[in-house]
Amino acid sequence: MRLGINLGYWGAGMDQDNLAVAREADRLGYAVCWAAEAYGSDAPTVLSWVAAQTERIDVGSAILQIPARTPAMTAMTAATLDSLSGGRFRLGLGVSGPQVSEGWYGVKFDKPLARTREYVEIVRKAMSRERLSHSGEHWTLPLPDGPGKPLKLTVHPVREHIPLYIAAIGPKNLEQTGEIADGALLIFFAPEHAEETTLGALRAGRAKAGKDLDGFDVCPTVPMAVGDDVDALADMFRPYTALYVGGMGSRKQNFYNKLAQRMGYEKEAAEIQDKYLSGDKEGAAAAVPRELIDSTALLGPVERIADRMQAYADAGATTLSLAPAGFTLEERMTSLRTGVEALERAGLS
């Protein structure tokens, strides 16, 4: 199992710290550094900045927003970043949710699975430097009855195949991701529930493509905090968990809430959402079960983190992307180094 680092969103007041974290991860041998985007910082600019100041670590988008760009634009961006980084780019994609897609990008959030499949097909075709033509439900290239003609990408990526990941949570999305992608970007991945919440659907998708999970990158982002008081460390992630389980999306359409339900927290997920949507964020955080946090994060001293890393590896994770907590740069650096030590103690490095 490899380690990655997830920088999250740029512009949260820790920008220079994030760059230092990326450089230290590069020095320590981490496999990949991910950057996110929603309706603030954009991922390609951040990844260009990181790639220019690192040497070996891959840089990846977790995620590029599908509603933000045409597929051809995404292919151009991926090819350019792969070229500039010397073949170190990983393309992560996601459809986001209805609030962001429709509220920020002005793109209707409809048929997300069909849209993703068609988007990936066009991106792959463009990155392969075929002349681009496509006739589908969501995109037609070139436009009919006009001056457009099939064009070919002029940038040559370093690699013939740029790894393509999809952010997936729901069973149908996970199955499609297994079928059409090279890896899955996951959140709230609990080893104890991996088969029923994640791996079964991914495996079914791989089977549709005549493949198995060998070579497919199962890549959960895992919050991490180092220390001896596990309860106190878990409390650090209560607001984060409550935000996703209770506040992301609408009452009817919250993918993270449904994931918590599939993990056996039906009653708790409903309570968290009720409190969060009524404005009681503190009550929502207090309602998050400690077991939910502990099963989806790395908490405690290095020995305990090593045991949990072994559980993640046994459950099928192939790249563990750490999201270290900490109010200071030194705390985050300590987490980075502890991650490497724990991986070595678990015999997984």
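Side chains are part of it too, since the values below use all heavy atoms of this structure and drop only hydrogens, waters and symmetry mates. No experiment lies behind these values; they were computed from the predicted model shown. Along the sequence shown, the residues carry numbers beginning at 1.
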Do any side-chain atoms of residues 60-68 form donor-acceptor pairs under 3.5 angstrom with protein atoms, and if so which ones, sequence neighbours left out?
residue, atom, partner, partner atom, Å
Ser61, OG, Gly92, N, 2.8
Ser61, OG, Gly92, O, 3.0
Gln65, OE1, Ser96, OG, 3.1
Gln65, NE2, Glu37, O, 2.9

*Output, in order, the C-alpha distance, side-chain angles, deciding distance and verdict of side chain to side chain contact (heavy atoms under 4.5 Å, CB included) for Arg304 and Val230.*
CA-CA 10 Å; Arg304 191 175 194 272; Val230 176; 3.8 Å; yes
*With the 4.5 Å side-chain cut-off for hydrophobic clustering, are Phe89 and Ile57 part of the same group?*
yes
List the atom pairs, donor and acceptor, that lie under 3.5 Å between side-chain atoms in residues 282-290 and the rest of the protein, sequence neighbours left out.
residue, atom, partner, partner atom, Å
Arg290, NE, Asp231, OD1, 2.4
Arg290, NH2, Asp231, OD1, 3.4

*asked:* Tell me whether Leu336 shares a hydrophobic cluster with Leu348, the cluster being built from Ile, Leu, Val, Met, Phe, Trp, Tyr side chains joined at under 4.5 Å.
replied: yes
*Given side chains that start at C-beta, do those of Val107 and Arg115 come closer than 4.5 Å, heavy atoms only?*
yes
*Short N-O contact, Arg2 and Asp58, less than 4.0 angstrom*: no
*Give a yes or no on whether Leu164 and Leu153 share a hydrophobic cluster (residues Ile, Leu, Val, Met, Phe, Trp, Tyr; joining criterion: side-chain heavy atoms under 4.5 Å apart).*
no
*Derivation of the side chain to side chain contact (heavy atoms under 4.5 Å, CB included) call for Leu202 and Glu175*: CA-CA 5 Å; Leu202 287 174; Glu175 183 172 330; over 6 Å; no
*Which pairs count as ring pair (Phe, Tyr, Trp, His ring centres under 6.0 Å) when at least one residue sits in residues 193-243, sequence neighbours excluded?*
Phe188-Tyr240, Tyr240-Tyr244
*Non-hydrogen side-chain atoms of Val222 and Arg308 separated by less than 4.5 Å*: no
*asked:* If you compare all heavy atoms of Gly247 against all heavy atoms of Asn254, which two are closest, and at what distance to 0.1 Å?
replied: N-ND2, 4.2 Å
_Non-hydrogen side-chain atoms of Val123 and Leu91 separated by less than 4.5 Å_ = yes
_Nearest atoms (heavy-atom pairs only) where Ile162 meets Ala78_ = CD1-O, 3.7 Å
*Supply the atom-to-atom distance Thr334 OG1 to Glu341 CD, rounded to the nearest 0.5 angstrom.*
11.0 Å
*Can you label the angle between the Trp34 ring and the Tyr165 ring as parallel, tilted or perpendicular, going by 30° and 60°?*
perpendicular
_Ion pair check, Arg337 and Glu330, cut-off under 4.0 Å_ = yes
*Apply ring-ring contact (aromatic ring centres under 6.0 Å, His included) to Tyr265 and list each qualifying residue two or more places apart in sequence or on a separate chain.*
none
*asked:* Applying side chain to side chain contact (heavy atoms under 4.5 Å, CB included), can you list everything that pairs with Lys267, at least two apart in sequence or on another chain?
replied: none
Tell me which donor-acceptor pairs under 3.5 Å the side chains of residues 134-141 have, and how far apart each pair is, sequence neighbours excluded?
residue, atom, partner, partner atom, Å
His134, NE2, Glu118, OE2, 3.0
Glu137, OE2, Lys111, NZ, 2.5

*Does a salt bridge link Arg90 with Asp82, judged by any charged N lying under 4.0 Å from a carboxylate O?*
no
*Can you tell me how far the CD atom of Glu291 sits from the OG1 atom of Thr296, to the nearest 0.5 Å?*
11.0 Å
*Same hydrophobic cluster for Tyr9 and Tyr105, using side-chain heavy-atom links shorter than 4.5 Å among ILVMFWY?*
no
*Does a side-chain N-to-carboxylate-O contact under 4.0 Å join Arg206 and Glu179?*
no
_Set out, in order, the CA-CA distance, both residues' side-chain angles and the distance that settles side chain to side chain contact (heavy atoms under 4.5 Å, CB included) for Val218 and Thr319, then state yes or no._
CA-CA 6 Å; Val218 178; Thr319 300; over 6 Å; no
_Backbone of Leu113 reached by a side-chain donor or acceptor of Gln176 within 3.5 Å_ = yes
_If you define the side chain from C-beta out and look only at heavy atoms, does anything of Arg131 sit under 4.5 Å from Lys125?_
no
*How long is the gap from CG on Leu186 to OG1 on Thr221, to the nearest 0.5 Å?*
8.5 Å
*How many angstroms lie between CD1 in Ile5 and CG in Asp26, if you round to the nearest 0.5 Å?*
12.0 Å
*Rounded to the nearest 0.5 Å, what's the gap from OH on Tyr30 to CG on Leu343? Could you check?*
8.5 Å
*Which heavy-atom pair separates Val21 from Met333 by the least distance, and what is that distance?*
N-CE, 4.0 Å
*Please report the shortest heavy-atom distance between Met127 and Ala75, naming the atom on each side.*
CG-CB, 3.8 Å
*Would a 4.5 Å heavy-atom cut-off, applied to side chains only, mark Thr338 and Met224 as touching?*
yes
*Indicate, with yes or no, if Leu298 and Leu185 share a hydrophobic cluster defined by side-chain heavy-atom contacts under 4.5 Å among Ile, Leu, Val, Met, Phe, Trp and Tyr.*
no
